[in-house]
Structures are given as C-alpha cells and as structure tokens.
Amino acid sequence: MATLVEDKSNRLRMTGRGGELVGAYWDELFTARERGAQVVWYNGHALNPLFQAAGISWCHGEAFSARLAAQHLEGPAQLAGEEYGYVNELCSYSRTHLGCAVLTNDFGEGETGIVGAVDQRELASRLPEPDFFVNGYQGCSTGQQWDQMSYRILGKKVPIFTLSLPYMFGSKPDAGYLVGEEWETATNYVVDQLEKLIEFLEAQTGRPFDYDKLGEIMGYIKAASQLRREAMALCMAKPTPATYWDWVACIAHINFMPAGQRLIDYFQGVKDEVVERLANGVSGVANERYRLYFDGIMNWNKLGWLARKFADTDAAVICGRYTHQNFWQEPQLIDPENPLRGLAQHYLLCSNSQGFKTLKEAMVKDCDDYGIDGIIFHASRTCRAYTNHQHLLARVAEKQLGLPTTFFEGDIADAAFYKDEILEVRLAALLETIDAKRART
Amino acid sequence: MEHAAASPLEAMTRAAEDPAGYVEQWKARTGGRAIAVFPMNFPAEIAHAAGLLPVIVQEDRNPITLGNNLLSEFNCGYSRNLADQAATGRLDVFDGFFMADHCIQLIGAADVIRELTGGRRFYLGQLISSMNDPWTPEQARLTMTDFVAELSSFAGVEITDERLRESIKTYNRGRKLLRTLYEQRRSGDSRFTSGELQTMVKSSMVMQREEHNALMEDLVAQSSATPRDDRVRVHLSGHFCHAPKPELLALIEESGGIVVDDDLFHGARYISTDADESASPVDALVGQYLERNVNVPCPTRAQSDVDWDAYLLNAVHSSGAEVVISLLVKYCEPHMLYLPELRKALEAEGIPHLLLETEHEGIPLETMRTRIEAMFEQATRGRAPTRVPTA
C-alpha cells in the first residue's frame, strides 16, 4: 500500500467530538443488561425513534458491523461466521453480525473449531443478546434473510418482527420522487406496517407505546436533519469548507443514535464550524483542484485512509449518494404531530430502495448543485444493493453530464477486497481526464 | 401444432434451448403477444388468462459481453445474463416485462432491462415475502389483484374469474403431469435422466401451456418404468432462478450417481404446488403462493415457522437419497445465507453433503468430477457388504 507522507485533508474538528458520542452510545448499549433494559437487534431502516420512544435499547446490525470494521476489529466475528459456514462473498455486514450472533450464542471452541474462540467470545459478549428482532429491509432482500438466520442461530426462541416495505421501482405511469400513486399507496401501507410494529413493541415491553414521546423525538431529528442539510449545502462553495468524509463521519449520529437536544447541539456545532470555515476561507482539502462525487456505500475499513488519499491528489470529494440521498434527507416531511407518516416516507426514500429513474435524477441534481468535475464509483464487493445501478449511473454521467467516471473495488466491512494500487491508478486516470477536458475548453 | 411432427422430448428440447425461437413461431402462428416474466413467483396463470404467452426468461448460453458493463461482475450470472440479453436485443421478441419478486440482484437486472428496452411496459409488483404474518394473505391478495388489473390493461382484455379459473386448471394439469414423473423417479423409476426431466420443466416455463400439456400427456402415456440400478442416489438442492447446466447433470450420472429427487427451481420447486380450483381464482393463487413456501421452503422468502433444512431431511428420507449435492449459483446470497443451516442438519444425520459452485461463464467440470467421484466412493464404501463387487 502506498504511503501518504503529508495529510492534506482538513477534517472538521467536530468529527473528533462526534467519535466520542458514538463511543459513548455503544458503551451504554453494552451495559443495557446491567441497567435492566430490553435490547432489540434490528437491521435496515432507522427504526430507532420507535425503540427510543418505547424505552428499549437498540443495536443496528449494519452499524455494529461498520463500527467493528472502522476500528479494524471485524476479524474475529468474520472468522466465526466463516467457520460457521458463511461464504466470504456474502454481504460482509451480515457476515460480521452473524459471526457476532454465533459467538453470542456461546458455541464452544470444540463445536466450532474457531481458533481462539475463547478470546473472541469476549468481543461478542459486549453485544447483549437480543430480547427480540425487528427487520426493516426494503430494497435489499439480503437484509431480510440475514435476520431470519440470526433468529435460527439464536435457537428460534427470540421473537422476530418483519416490517414489509415496498421497493420503489416506479411501475405506475405517474411514479416519481415524492409524487404519484405509488408514493401515496406505499406511504399508507408503511404507516399501517408501523402501526403493527408498535403493537408488537407494546406486546414485547408490556407497556403502551408513548406517541407523545415519539413526536418529541421526531422533532429533534427534524431539527438535526435540517442543520445537517444546511451545512451540506454550504459546501457548494468553492473551495468546499468540508468534504464527503465529514458527512460520512456523522452518519451514525443521524442514523441510529438517541435523538435529543444533544443531537441538535452536535449538528449545530457541525454547521457552525462549516460557517466559520467559510468566513475564514478555510477549505476541506488543502489545495482543491478537483471536485468529485462519490457513489457507493462506505468502505468503513478505509474511511480515514481514503480521506487522506483523495486529498493527497488535491481532489475534494464533495458529496455522494450515500451521504446526500439518505438519512432523513427530506426533513420537511417530518411532522412531529403526525410522526408515523414522516417515518414511513423516509424509509421509502432510502436510496437502496429507489429505482434507477429516481437515482439518476438525484445524481444529476447533486452534480449540478455542487459543481462536480468527475465521479468515482466504489464497487463494494459484497453489497449488491448499492452496486446494482452504478454502471447505469456511469452511463448517465458520461452521456448526459459529460463527466468522466471511474470505478474501484472495495467493500463495506471486509478489508480483503480493497486494493490500494487499483484506486491509485484509476484515480490518477480520472484526474488526468479532467485535466485534459479542462485543457480543451 | 408447430411441434406435432417431433417427438415430445425433441419439441421440448427445442423450446428449452431456444425460447426466443419458440416465441417468434408462437407469435407468428397465433398473432398473440408474449411477455417476459422473471423467477420465481410470478403468477403466470393471470397472463395466460389474458391471452398472453408468459415466458420465464431462461439463462442462455451466450457469453456475457455488454452485460458486464451494466451490472457488476459479482452479481449472479443470471442477472448479468439478463442484462446482456437486454443489451444485445435478445429480449426484443417480448412485448412487455412483468416481475413479482424482490431479490436485490434481480431488481438490478430489472432496472437495466427497463432502461434498455425503453417504451415497453415493465411492471414490478412485489409479492410480500414475509410469509407468516397475520396480514400476509391480504397483502398477497392485493398484489395478485393488482396483477390482474395491470395485465388486463396491458392485454386489453378483461380477465374474468371464469378465464382465470380455466387458466388455473390448465396450469394445474401441467404441474400434475410433471409431478407424476417426479414422483415415479422418487419411487425408483429411472427411465428419464435428470437432464430430460429438467428439459420438461424448462420447456413448460416457455411453451404455451396447452401445447406443453399435450406433449406431457404423450410422454406419460408412452413409456414404462425402468428399475433403478445401484448407482449412488443423489438429491440435488439449490440453484434458484435458472437451470443448472445440462453437462453438470450428465456429469453426476457419468460419475456413478443417479438423481432421485431435487428442490431446484427448474425441478420439484416449480411444480410442487397447485392452486385450489374450487376457491375464487385470486384467492387460489394467493393460497398457492403461500403453500408453495411450506411445501418447498425457499430462502428468498422469510418464514420463521418453516425450515429448508427440515424439508431437505424429509425429502432425503422419503426418496432414499444417500447424498446431497448443493448447487450454489455463485453470488446467490439467499442460498449462501442458508448453507450453514443445511450443512448442520445434514451432518447431524450423517448424510454426505457436497457443495458445488456454478457460474454462467463456465464450470470446471473436471474439478467437479473429481469431487463428485470422491463423494460417491465414500458413499458406496459405507453401503452394506452385499453391494461390494465379489469378482
């Protein structure tokens, strides 16, 4: 792997503060049992406001896998999954989390043949065994089966609720982003599904669901999301005051951490820092010469490395599908007085769950808004949901927008699929193409 | 009838190997319209009742060229092959596209097809895949009703209950004929090879069902049972959406095995369940969808109260299979997720299990031969002494 001598990336100071908040969240979850709290394992959409309102501690499967990968601690869980029989081409989020379930279920070393199983169990034991599962997957069919397997690994004794959510393919003639018969029908259907989930939560907790608290929580999320979107929009400036990597670093906060005044304060801090940078002419990359769009789910093993890598070439990665088309990205849809509708609509808006027509329009808009010079596609090896449309998007970028594109392979939570030399060469070629295009005009 | 002069199996082979050719001939002959449908749960009966020819798009033998620039190389071969078929005009024979499933890789292919066949109708109506919730039947019913409306509109024909009931009877008849041969195979009849049975099922996914039924009636009536020899009895498992390559089936038989049962989509899974002819037609199709997943559980559905591994053990015991070969389509995530449970269940009962990964681009037959032969040797070594050659 190449060595980066100088770090030309200039990450937001708030990123460090954000890391502390995330660490505190996980520590609190790990002690849920001691506090007598119920624990739910859930996958897919951001169902955490419902759990928070119900007074339950929650573990988001992808988030835990991403956390392990970001800390380079994913190995033991993945080894456990592999020993149990999961092929390494399987979604690495699910493989990692299922590996945790294998270890949580306390399979002995003799039974699994896992080398060093005793030590690894210590890691898994930090994740409390669930009292129940809730699955909230829509586009990615793998997510639904992943929870079915967790259910089986843990002995089929933990209750499971599957939220059925329609994929927004756009079959009806008037289908479009936030409009049309399909949007309205799907919204009503998901609201109905959420009401059934609430009944399930009431049965599991033995308490009536607190709708007022949910409204309050959604008010916090709405305010935080507005601040996040406003801060992102400030990055249309040239040079950009913050980069895509800063927005990746605060996904955990908007996506699954408890909503409260602390969440608003955090995003207010992020926005304030961006405003301060703009006022002082401070940029997110030391010498911004290229403005790139990043399409692909995050390679959590390489977040810091990629931030430095791109900055090293004077490339500011400004925005991307993962950060800008997900995670409460339409805060105006949230109505604290009628929280289920806003929740339902945001679940439908996950970019993993959108047909190509919508994805294309969103990418074109972001590229226009942020003055993008080129697009880099992270082909995340084990995530078909996110890579499905990338080749079609590249065609649009090149034919409709006249933007050069390139691909590199990596993965969401399995470092083995990333090859630094490939990114190095492809990124250089992309930037040369941008230079050549500029020279012609 | 176009294939009247050919033997039933020849006619079926022609349709199975060249679906587009069959569709072209059918359209020329009838003046009708054909739609492409996709695995594994689209209710073809509804399209049939609208007078359309519903054809499950088969993986073809062409090398993937343009398709590799439309979907990632780590998508399953079938989805990349579909993209390639769309990009190279091999789906042009179809007048529209309909789909009922939401496997994420198939959805990727669907968006490619829609993008490259612009102007033709592509309708994705998702059948609920969480199978044992209290609201599942009603939700499935809404989707089935939606399909009736969409296909009526597409075909310009009112799909009455009567028409749909007749289509259900026709499809039930076809499944029953195919099941007759599958049940005979389980009971010890080895007159048809696994490749021939696959051809029968595959062609039933392509041909007009009345025509296919007539060929099946001939086949069932013509031949007499052939007793099974002492080759190793094999259960084939897995391989959703598309058929395993015939040469792999032949290899298993050349290596000393005989397939006695399977749960392949191009096999027992596809023909397992009929719709209730006495119920209202839409309810019958809903019931069929739900019951199929109980009869042959599918890892693309979520159902906590049925298990593929339990089904597999029952199937092995009832057919007398000695070994199980899992055919895993490379990158098929539903199958990958369930493999450990299958392995655990089979190991617990001491049933030998071999995992073979298949790809569109070609399969390493000789490597597979070695592994299959080794497994069969192991299986025969464990047999009673009377089976050991005395010479």
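Not measured: the values here are computed from a predicted model. Numbers restart at 1 for each chain; the letters A, B, ... are given by sequence-line order, proteins then strands.
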Worksheet item: Would you call K196(A)-D133(B) a salt bridge at under 4.0 Å N-O?
Response: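 Here K196(A) does not pair with D133(B) in a salt bridge, since their nearest N and O are not under 4.0 Å apart.
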Discussion item. Between R152(A) and D307(B) (salt bridge meaning N to carboxylate O under 4.0 Å), is one present in this structure?
Written reply: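 A salt bridge is present here (some side-chain N lies under 4.0 Å from a carboxylate O).
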Does any part of the side chain of [Y], heavy atoms only, come nearer than 4.5 Å to the side chain of [X], both counted from C-beta?
X: K360(A); Y: E115(B); answer: yes
X: S72(B); Y: H391(A); answer: yes
X: C91(A); Y: E333(B); answer: yes
X: K172(A); Y: E150(B); answer: yes

Worksheet item: Are W146(A) and Y338(B) near enough that their ring centres are under 6.0 Å apart?
Response: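 For W146(A) and Y338(B), the ring centres are not under 6.0 Å apart.
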Is it true that a side-chain atom of [X] and a backbone atom of [Y] form a donor plus acceptor pair closer than 3.5 Å?
X: D111(B); Y: F356(A); result: yes
X: R121(B); Y: S171(A); result: yes
X: N388(A); Y: I104(B); result: yes

Worksheet item: Is a side-chain donor-acceptor pair under 3.5 Å present for Q144(A) with S129(B)?
Response: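 Judged by distance alone, the side chains do pair up.
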Item to complete: Measure from NZ or CZ of R114(B) to the centre of the six-membered ring of F169(A), then state whether that distance is under 6.0 Å and the direction lies within 45° of the axis.
Response: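 Satisfied, under 6.0 Å and within 45°.
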Given heavy-atom pairs under 4.5 angstrom as the criterion, report whether the side chain, backbone, both or neither of [X] touches chain A.
X: L124(B); answer: both
X: D305(B); answer: neither
X: E73(B); answer: side chain
X: D101(B); answer: neither
X: L116(B); answer: side chain
X: L337(B); answer: both
X: Q126(B); answer: side chain
X: A83(B); answer: neither

Worksheet item: Out of Q138(A), Q193(A), R384(A), which one racks up the most heavy-atom pairs below 4.5 Å with chain B?
Response: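 Top count of heavy-atom pairs under 4.5 Å with chain B: R384(A).
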Worksheet entry | Top contributor to chain A interface from I128(B), I107(B), L106(B), V112(B) [non-hydrogen pairs under 4.5 Å] |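 Highest number of pairs under 4.5 Å: I107(B).
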Fill in: Leading residue by heavy atom contact count with chain A [cutoff under 4.5 Å; candidates N132(B), T300(B), L339(B)]
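Heavy-atom pairs under 4.5 Å are most numerous for T300(B).
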